[in-house]
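What follows is a single structure, written as structure tokens, with notes after it.
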Amino acid sequence: MFDLIIRNANLPDGRQGIDVGIRGGTIGAIEPNLAATAGEEIDATGRLLSPPFCDPHFHMDATLSLGLPRMNISGTLLEGIALWGELRPTLTKEALVERALRYCDLAVSQGLLAIRSHVDTSDPRLVTAEALLEVREKVAPYIDLQLVAFPQDGYYRAPDGVASLERALDMGVDIVGGIPHFERTMEDGARSVEALCRIAADRGLPVDMHCDETDDPLSRHIETLAAETVRFGLQGRVAGSHLTSMHSMDNYYVSKLIPLMVEAKINVIPNPLINIMLQGRHDSYPKRRGMTRVKELMAAGLNVAFGHDCVMDPWYSMGSGDMLEVAHMAVHVTQMGGIEDKCRIFDAITVNSAKTMGLEGYGLEVGFKADLVLLQAADVSEALRLKPNRLFVIKAGKVIARTAPRIGELFLDGRPTSIDIARDYIPQATQG
């Protein structure tokens, strides 16, 4: 007897017609034609059943603040930073909590149940840390929320940057962040990487650093981050986010850099939507895409995970909390359109992101947490193409969100009366 059985599901690894039995908040069985009963059953009818989506790079303290105190007219990274600097002194804990909770509601509806958010520590009031620590506690029953102490204005560059970051960690923020390319000099950037890795080693914490978010090929702080990771024995516990300067580096240097990153077991977090929106702004034509070398990093065996980064804030006026939108863009900008490529892209918003975040019991295996999403799509490729509705979102074996299938009605003589774009329009040659 199970609490819930999901019948006739397709899994991300290609298995079809699989039943998943859930008992006591964990997965108890994964097999075809499960001979058992349950208090509740869901007929997946050949839909894709996936572990939940994970966002390893987000800014929840800024989300849904679009238009405050004004719009980003140029749409650039630097104007976004300036705007945030204007908004930050006016922030209240109550407003931060309210916006963050609204975003978490949206995230749950999209099947996004794990988020790592950077928390700006440059304002010594640390109202951002207070607010998001409260949010972390409130959403704990349904979202794994991790918090990064992030010195937005620079660890050394901000007047109280060093002390404020330490205080945020003392308050319970659990990951050490940084932004070395935003320090006043390359030397200060390198010093900040060393200092922040030392703090992480001393406190036993992970590191997640905004690194080389620039078009400048000489911004090479990822090299320093890899070296300090090895020096302090932090292998596997360090993430380098963005790494956009790598798209401008020469191939010879990158041929040296990537093995250093492999040695340090760096987790890589590109942010496709924001990277291609904000980078390459000084180019006319040819114009750079602004994405790091995703394909090459994956081929080297590095763990690559995609982040959403921003949703309706000073840096990005778009976004919907949908990690499939992030992955959909990644397919295009990385030119990874093959079948195996799409599987790797899907992994970057699920299993790879979970690995970056160190999530335990994540995945579709017996004994793991019964955290699942049923999509209105038959497989991974279709999910990336359609960004389909999340028919059921399940946390610890309980349905916490559902969305009706997207069905269009037609009123055309001699034509079908309805269409299901995830079923009725698949080319016959692709069907098994």
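FYI, side chains are in, hydrogens and waters are out, and symmetry mates aren't considered; it's all heavy atoms of this structure.
- Remark: side-chain polar atoms of Ser50 are not paired, donor with acceptor, to backbone N or O of Leu374 under 3.5 angstrom.
- In this structure, Pro12 and Leu48 approach most closely via the heavy-atom pair N-CD1, 3.7 Å.
- Between Pro217 and Tyr253, the closest side-chain pair of non-hydrogen atoms is not below 4.5 Å.
- Here the closest heavy-atom approach between residue Arg281 and residue Gly75 is recorded as NH2-O, 3.0 Å.
- Looking at Ser122, its side chain does come within 3.5 Å of a backbone N or O of Asp153 through a donor-acceptor pair.
- Residues meeting the salt bridge (charged side-chain N to carboxylate O under 4.0 Å, His left out) test with Arg231, sequence neighbours left out: Glu194, Glu228.
- Within the 4.5 Å cutoff, the side chain of Lys369 has no heavy atoms near those of the Leu359 side chain.
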Quick one, Asp216 with Ser245, criterion side-chain contact (heavy atoms from CB on, under 4.5 Å). Give me CA distance, side-chain angles, the key distance, then yes/no. CA-CA 6 Å; Asp216 179 6; Ser245 69; 5.6 Å; no

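- Other residues, nucleotides and ligands place no more than 12 heavy atoms under 6.0 Å from the CD1 atom of Ile339.
- Between His57 and His59, the ring planes are perpendicular. Angles over 60° get that label, and only those under 30° would be called parallel.
- One distance of note links OH of Tyr156 with CD of Glu183; it measures 8.0 Å at 0.5 Å rounding.
- Formation of a donor-acceptor pair under 3.5 Å by the Gln376 side chain with backbone atoms of Ala422 is not found in this model.
- Expressed to the nearest 0.5 Å, how far OG1 of Thr334 lies from CE of Met291 amounts to 6.0 Å.
- Counting non-hydrogen atoms of neighbouring residues, nucleotides and ligands closer than 6.0 angstrom, the CE atom of Met329 reaches no more than 12 such neighbours.
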Can you check side-chain contact (heavy atoms from CB on, under 4.5 Å) on Val108 and Lys395, steps first, answer last? CA-CA 10 Å; Val108 167; Lys395 177 70 175 179; over 6 Å; no

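- In this structure, Asn10 and Ile18 have side chains that are not in contact, with every pair of non-hydrogen atoms separated by 4.5 Å or more.
- With a 4.5 Å cut-off on side-chain heavy atoms, Arg237 and Val176 do not count as touching.
- Remark: side-chain polar atoms of Asn389 are not paired, donor with acceptor, to backbone N or O of Leu391 under 3.5 angstrom.
- A pairwise comparison of heavy atoms in Ile27 and Ile30 identifies CG2-CG1, 3.6 Å as the closest pair.
- For the pair Val399 and Val393, the minimum side-chain heavy-atom distance is 4.5 Å or more.
- Interatomic distance, CG of Leu364 versus CG of Asp371, reported as 10.5 Å (0.5 Å rounding).
- Between Arg102 and Glu98 there is a salt bridge, since a side-chain N of the basic residue sits under 4.0 Å from a carboxylate O of the acidic one.
- Ring geometry for Trp84 against Trp315 counts as tilted: the plane angle lies between 30° and 60°, on a 0 to 90° scale.
- Residues Val326 and Pro272 share a closest heavy-atom pair of CG1-CD, 3.7 Å.
- The closest side-chain heavy-atom distance from Leu257 to Met246 is below 4.5 Å.
- Within the 4.5 Å cutoff, no side-chain heavy atoms of Pro405 are placed close to those of Asp420.
- Of the possible donor and acceptor atoms, none in the side chain of Glu86 sits under 3.5 Å from a partner among the backbone N and O of Pro69.
- If you take CG on Leu147 and CZ on Arg116, they are separated by 10.0 Å, rounding to the nearest 0.5 Å.
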Asp174 and Arg136: salt bridge (charged side-chain N to carboxylate O under 4.0 Å, His left out), yes or no, with the steps? CA-CA 11 Å; Asp174 45 12; Arg136 183 175 70 183; 3.1 Å; yes

With side-chain hydrogen bond (donor to acceptor under 3.5 Å, both in side chains) as the criterion, how do Asp208 and Ser241 come out once you've worked through the C-alpha distance, each side chain's angles and the decisive distance to 0.1 Å? CA-CA 7 Å; Asp208 191 330; Ser241 297; 2.8 Å; yes

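- Nearest heavy-atom pair, Arg125 versus Arg88, reported as atom, atom and distance to 0.1 Å: NH2-O, 2.9 Å.
- Tyr362 places a side-chain heavy atom less than 4.5 Å from the side chain of Pro52.
- Closest of all the heavy-atom pairs between Val304 and Asn352 is O-ND2, 2.9 Å.
- A donor-acceptor pair under 3.5 Å links the side-chain atoms of Ser353 to the main chain of Ala348, judged by distance alone.
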Run the numbers on Thr356 and Asn303 for side-chain hydrogen bond (donor to acceptor under 3.5 Å, both in side chains), then give the verdict. CA-CA 7 Å; Thr356 294; Asn303 185 53; 2.9 Å; yes

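- Ring geometry for Phe58 versus Tyr103: interplanar angle under 30°, hence parallel rather than tilted (30 to 60°).
- Asp55 contributes no side-chain N or O that, together with a main-chain N or O of Gly307, makes up a donor-acceptor pair within less than 3.5 Å.
- No close placement of the His242 and His181 rings is indicated, their centers lying 6.0 Å or farther apart.
- Using modelled atom types, no side-chain atom of Ser219 and backbone atom of Asp212 make a donor-acceptor pair closer than 3.5 Å.
- A donor-acceptor contact shorter than 3.5 Å is absent between the side chain of Asp188 and the backbone of Ser192.
- By the 6.0 Å and 45° rule, Arg157 stacks over the aromatic ring of Phe182.
- Using a 4.0 Å cut-off between charged side-chain N and carboxylate O, Asp341 and Arg344 make a salt bridge.
- Rounding to the nearest 0.5 Å gives a distance of 8.0 Å between SG of Cys310 and CG of Asn271.
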The test is salt bridge (charged side-chain N to carboxylate O under 4.0 Å, His left out); show your working for Asp170 and Arg203 and say whether it passes. CA-CA 10 Å; Asp170 290 340; Arg203 290 177 175 257; 2.7 Å; yes

Let's go through Leu196 and Tyr155 carefully: what are the C-alpha distance in whole Å and the side-chain angles of both, what is the deciding distance for side-chain contact (heavy atoms from CB on, under 4.5 Å) to 0.1 Å, and is it a yes or a no? CA-CA 9 Å; Leu196 292 162; Tyr155 181 64; 3.8 Å; yes

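- Between the side chain of Asp160 and the backbone N or O of Ala163 there is no donor-acceptor pair closer than 3.5 Å.
- In this structure, CG in Leu375 is found 6.0 Å from CZ in Arg390, a value given to the nearest 0.5 Å.
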Would you sort out whether Asp61 and Arg99 count as a side-chain contact (heavy atoms from CB on, under 4.5 Å), showing the intermediate values? CA-CA 8 Å; Asp61 50 6; Arg99 283 203 309 268; over 6 Å; no

Could you please spell out the steps behind the side-chain hydrogen bond (donor to acceptor under 3.5 Å, both in side chains) verdict for His247 and Asp215? CA-CA 8 Å; His247 72 189; Asp215 295 324; 3.2 Å; yes

